[in-house]
Novice: 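Take this structure, written in structure tokens, and hold onto it; I'll ask about it next.
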Amino acid sequence: VRRALAAAALAASLFGGAGSAGASTASSVLNVSVLGQDVTDFCSLLGVSCAYAYSIHQRLVVGNTKPATLTRLSDGATFDLSYSGPTFKVDPAAAEAFCLANGGTTTARTFTTQYNDCGVSAIYNQAGPVASGGECDALQPIAIDMPIFQVRLSDGEPELDEAENLPGGSSPGHIAHPGAHWLRAQALVVPVSVTGCIMTANGSPRTLIVNSSNEYFNNFGARLGQGEDPNASGPAGAMFSVIWWNPSPGVYNTGVDVEASISCAAPISPTPIADALVISSYSGTAANVQNTWYNGVQVVSNCAPTEPINTGAAINIGCEGDESNCGLYTFRDMVILKNDVAETPGLPAVIFNYISSL
Amino acid sequence: MRKALLAAVASLALSAGAANADAASVSGTLSITVSPPAFALVLNPSSATEACAVAGGTVVSTASVTGGDGNAVTFSMTGNTTDFVIGSATGVVTVAPAGVVLADCGKSYTNTVTATQP
């Protein structure tokens with residue numbers, strides 16, 4: 001009897017197992033589409049925090065409605081640039097109409113059409129507060145010192161030209177001649193005296209990104225971020241620069257310019273540069289070191305400047321901080337990040353790919 | 001032993017018939033199997049669109065099951081498991097904590113969510 005019961009129990013077990021011992025599974029398909037990069041919100045896209053974001057030709061921060069203001073030199077009238085289309089690029093058509101409406105003229109240049117009656121009197125900090133003071137906008141109230149508005153031939157998008165008041169030169173001159181001294185005041189100036197507008201330094205905004213070009217054979221030295229103060233008294237300090245002309249041996253450098261020492265700069269080209277995207281960070285994984293990427297390639301790695309970057313008085317867009325060897329360049333975007341991109345592996349490449357696609 | 005059991009059953013049947021000569025009865029076996037309801041998985045929604053800069057942790061879809069035997073369910077997912085993750089106990093599909101990898105933006109993905117009940 002015991003065997004029979006055991007057999008019966010075994011049989012029952014097997015039959016029951018057929019119904020439930022194997023795990024039940026059910027599947028379903030989930031379709032997920034990820035939209036392309038939002039080309040109008042650089043600062044949030046990369047998960048980085050922008051201290052400053054300036055552009056003459058596109059929206060960098062979602063919600064921004066006004067990148068820059070033009071001032072007509074002939075009558076002082078002003079015109080606010082605005083965005084159009086799904087990519088939020090500045091449409092130059094209305095600006096061109098404004099610039100030509102009071103007897104304005106154009107000058108054909110190698111890369112751009114220059115609107116000779118339009119100065120750029122303000123480039124607004126898109127990363128700043130929208131409706132309150134202290135936005136850290138870059139301003140130039142003096143007409144003759146305003147950079148000139150121009151439109152790039154290759155893509156029809158606006159760029160910014162250098163200040164036209166060339167000491168010893170013609171006005172509007174825009175004649176490339178290294179060695180000409182341009183005043184740093186002839187630029188769009190972000191006064192750091194405004195509360196919250198602080199310079200690039202250790203513990204402060206630490207990455208400078210500039211999308212630009214140097215049109216002929218001059219430099220794009222720049223007191224963008226942090227410059228020498230006083231300038232050219234070297235080696236008093238270092239200029240946190242973008243691209244600058246080193247007359248000996250005659251080559252463009254990018255990195256940190258230290259008077260009498262270019263130990264933290266890399267030669268990039270002896271000839272004009274059509275497109276240059278420079279990402280430079282200061283004080284990274286070790287104290288007081290500098291890293292620079294030029295057009296996607298790291299050209300300076302963990303270099304300690306022989307002199308500290310000086311405390312500057314302003315961030316300038318439109319002229320350099322050395323007051324020497326300044327010249328023709330065009331400006332499109334400048335972003336200063338609060339963090340050091342050198343501390344995030346791969347981030348400079350991502351930034352390069354992103355801005356290059358704009 | 002089998003013979004002994006059969007004899008006992010026959011004896012009982014015969015004795016029942018002997019107690020009531022007018023009534024007759026026969027017996028049969030009715031087997032009833034109660035099966036659990038069909039085990040199925042539902043995704044709500046089954047299609048989703050996310051921004052490239054979507055924040056990590058954002059809920060993309062929620063999986064739930066119907067039927068089954070009431071035992072605990074474990075969820076799993078195949079496909080793009082870099083940008084999207086699923087809670088094995090909750091069935092909630094979310095964006096990975098680090099968000100969507102930039103290189104994955106501008107693309108569509110087909111993930112398969114599976115529920116398993118022991």
Side-chain angles (χ1 to χ4, degrees), chain A residues 1-8 11-12 14-50 59-63 86-87 341 344-358, chain B residues 1-2 4-5 31 33-36 38-56 60-61 63 65-69 71 73-74 76-80 83-84 86 93 95 98-118:
Chain A
V1 172
R2 188 177 300 167
R3 287 179 182 171
L5 291 176
L14 290 174
F15 276 100
S20 61
S24 298
T25 61
S27 298
S28 188
V29 169
L30 172 63
N31 295 305
V32 184
S33 297
V34 180
L35 299 176
Q37 299 175 27
D38 182 352
V39 297
T40 64
D41 194 7
F42 170 81
C43 295
S44 65
L45 171 69
L46 299 177
V48 296
S49 184
C50 292
R59 196 175 82 172
L60 294 172
V61 177
V62 67
T87 58
V341 296
T344 304
L347 186 55
V350 172
I351 292 173
F352 172 76
N353 290 335
Y354 176 81
I355 293 185
S356 297
S357 70
L358 295 178
Chain B
M1 183 60 71
R2 186 178 301 168
L5 290 172
S31 297
T33 300
V34 180
S35 299
F39 188 56
L41 183 145
V42 177
L43 287 168
N44 184 25
S46 58
S47 298
T49 300
E50 302 296 339
C52 176
V54 61
V60 177
S61 181
V65 297
T66 59
D69 58 10
N71 287 332
V73 174
T74 300
S76 60
M77 185 171 67
T78 59
N80 181 348
D83 301 316
F84 307 102
I86 190 169
V93 179
V95 176
V100 174
V101 176
L102 196 58
D104 292 344
C105 294
K107 301 176 183 176
S108 296
Y109 303 95
T110 299
N111 282 11
T112 299
V113 176
T114 298
T116 301
Q117 189 174 54

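Sequence lines set the chain letters: A, B, ... in the order given, protein chains first and strands last, and positions in each chain run from 1.
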Novice: Say you draw a straight line from CG of B:Leu41 to OG of B:Ser46; how long is it, rounded to the nearest 0.5 Å?
Specialist: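 If I round to the nearest 0.5 Å, the distance is 11.0 Å.
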Novice: For B:Val42, is it the side chain, the backbone, both or neither that has a heavy atom under 4.5 Å from a heavy atom of chain A?
Specialist: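 The answer is neither part of B:Val42.
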Novice: Can you tell me which portion of B:Val113 sits under 4.5 Å from chain A's heavy atoms? Options are side chain, backbone, both or neither.
Specialist: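 Both parts, heavy atoms under 4.5 Å.
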Novice: Identify which part of B:Asp104 has an atom lying under 4.5 Å from any heavy atom of chain A, answering side chain, backbone, both or neither.
Specialist: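 Only the backbone of B:Asp104 comes within 4.5 Å of chain A.
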Novice: If you compare all heavy atoms of B:Phe39 against all heavy atoms of B:Val65, which two are closest, and at what distance to 0.1 Å?
Specialist: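 In this case the closest contact between B:Phe39 and B:Val65 is CE1-CB, 3.8 Å.
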Novice: Side chain, backbone, both or neither: which part of B:Ala40 has an atom under 4.5 Å from a heavy atom of chain A?
Specialist: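 Backbone only.
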Novice: Which atom names give the shortest non-hydrogen contact between A:Leu30 and B:Pro45, and what distance separates them?
Specialist: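 Heavy-atom minimum between the residues: CD1-O, 3.6 Å.
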Novice: OG of B:Ser35 to CG of B:Asp69: how many Å apart, nearest 0.5 Å?
Specialist: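 Those atoms lie 11.5 Å apart.
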